[in-house]
Amino acid sequence: MKIAVGSDHGGLELKKEVVRYLEAHGYEVKDFGTHTTDSCDYPEFGVAVAEAVVHGAYEKGVIICGTGQGIALAANKVKGARAVVCSDTFSAEMTRAHNDANILSLGERVVGKGLALKILETWLKTEFEGGRHTNRVDLIKATENKNFK
Ligand code: RB5
């Protein structure tokens with residue numbers, strides 16, 4: 001599976017751990033930046049990852065900032081992105097099973113490395129359940145079609 005990753009400076013260290021984990025588990029990874037500790041703007045990287053996922057080059061995305069919140073807000077402005085902030089494994093499982101999330105957002109200043117990697121593992125291995133949840137995800141898509149130009 002091809003995975004796009006991105007972070008701002010606040011998520012850089014955790015992103016390195018995430019990339020290490022993904023590569024060790026056989027995923028093909030592209031890091032859309034940032035690559036330094038210099039202060040930068042999280043929307044740039046959230047949007048780059050979301051566009052890479054939505055346009056089909058990458059199956060899933062992982063984005064990281066200090067809280068996971070700002071970068072997810074930005075990613076979700078890309079039509080087709082379903083970015084979710086997870087700080088626990090239950091949410092990681094449910095956001096895949098019920099919401100068909102395509103981008104996982106983590107907060108480096110919120111979760112430790114061990115929990116973050118467990119969240120990532122859970123999120124990646126959980127399949128969308130479909131069924132009654134398909135209609136709900138379709139309603140999100142219909143709302144996008146109505147409101148996004
Ligand atoms: C950067 O200081 C910080 O604001 C950013 O990483 C993130 O937490 C924003 O949501």
Side-chain angles (χ1 to χ4, degrees), residues 1-25 27-126 128 133 136-137 139-149:
M1 188 193 294
K2 290 170 80 175
I3 302 199
V5 303
S7 74
D8 71 355
H9 56 290
L12 184 66
E13 288 310 310
L14 180 56
K15 184 175 66 180
K16 288 179 190 166
E17 300 289 351
V18 163
V19 169
R20 235 190 308 273
Y21 174 93
L22 291 171
E23 288 178 345
H25 288 79
Y27 294 95
E28 195 180 319
V29 182
K30 176 157 180 198
D31 184 352
F32 285 79
T34 189
H35 301 289
T36 74
T37 55
D38 296 346
S39 183
C40 61
D41 301 322
Y42 57 78
E44 182 186 337
F45 308 100
V47 167
V49 168
E51 288 177 346
V53 171
V54 163
H55 298 318
Y58 295 83
E59 203 169 325
K60 290 197 172 70
V62 181
I63 52 178
I64 309 166
C65 66
T67 59
Q69 302 290 354
I71 201 164
L73 285 170
N76 279 322
K77 298 302 176 194
V78 176
K79 186 176 174 182
R82 287 184 299 285
V84 288
V85 184
C86 293
S87 302
D88 65 274
T89 55
F90 180 74
S91 297
E93 187 180 342
M94 289 302 117
T95 56
R96 284 290 309 127
H98 290 185
N99 313 124
D100 200 17
N102 51 11
I103 299 171
L104 172 65
S105 187
L106 297 166
E108 178 177 320
R109 298 171 187 160
V110 180
V111 291
K113 174 193 157 193
L115 177 56
L117 296 184
K118 193 47 95 172
I119 289 168
L120 176 63
E121 179 189 20
T122 304
W123 191 81
L124 285 172
K125 77 169 190 223
T126 306
F128 179 48
H133 302 295
R136 294 163 185 170
V137 174
L139 287 169
I140 295 172
K141 292 176 183 168
T143 303
E144 282 180 329
N145 287 332
K146 193 172 138 213
N147 289 282
F148 281 51
K149 292 224 162 56

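When a ligand or atom number is given, it counts from 1 through the structure's own listing order. Heavy-atom basis, side chains included; hydrogens, waters and symmetry copies ignored. We count residues from 1, following the sequence as given.
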Side-chain donor-acceptor pairs of residues 3-13 under 3.5 Å, sequence neighbours excluded:
from, atom 1, to, atom 2, distance (Å)
Ser7, OG, Lys15, NZ, 3.2
Asp8, OD1, Gly10, N, 2.8
Asp8, OD1, Gly11, N, 3.2
His9, ND1, Cys40, N, 3.2
Glu13, OE2, Lys16, NZ, 3.1

Distance-only check: which donor-acceptor pairs under 3.5 Å involve side-chain atoms of residues 61-81, not counting sequence neighbours?
from, atom 1, to, atom 2, distance (Å)
Thr67, OG1, Gln69, N, 3.0
Asn76, OD1, Ala83, N, 2.8
Asn76, ND2, Ala72, O, 3.2
Asn76, ND2, Ala83, O, 3.0
Lys79, NZ, Asn145, OD1, 2.8

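Residues passing the ring-ring contact (aromatic ring centres under 6.0 Å, His included) test with Phe32 are Tyr58, sequence neighbours excluded.
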Considering only N or O atoms, set out every pair between ligand 1 and the protein closer than 3.5 Å, with distances to one decimal place.
from, atom 1, to, atom 2, distance (Å)
ligand 1, 2 (O), Arg109, NH1, 3.4
ligand 1, 6 (O), Asp8, OD1, 3.4
ligand 1, 6 (O), Asp8, OD2, 2.6
ligand 1, 6 (O), Gly66, N, 2.8
ligand 1, 8 (O), Gly66, N, 3.3
ligand 1, 8 (O), Thr67, N, 3.0
ligand 1, 8 (O), Thr67, OG1, 3.3
ligand 1, 10 (O), Thr67, OG1, 3.3
ligand 1, 10 (O), Gly70, N, 3.0

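Using a 4.5 Å heavy-atom cutoff, the side chains of Lys60 and Leu124 are in contact. Counting only heavy atoms from C-beta outward, the side chains of Lys113 and Leu117 approach each other to under 4.5 Å.
In the displayed structure, Asp88 atom CG is contacted under 6.0 Å by more than 12 heavy atoms of other residues, nucleotides or ligands.
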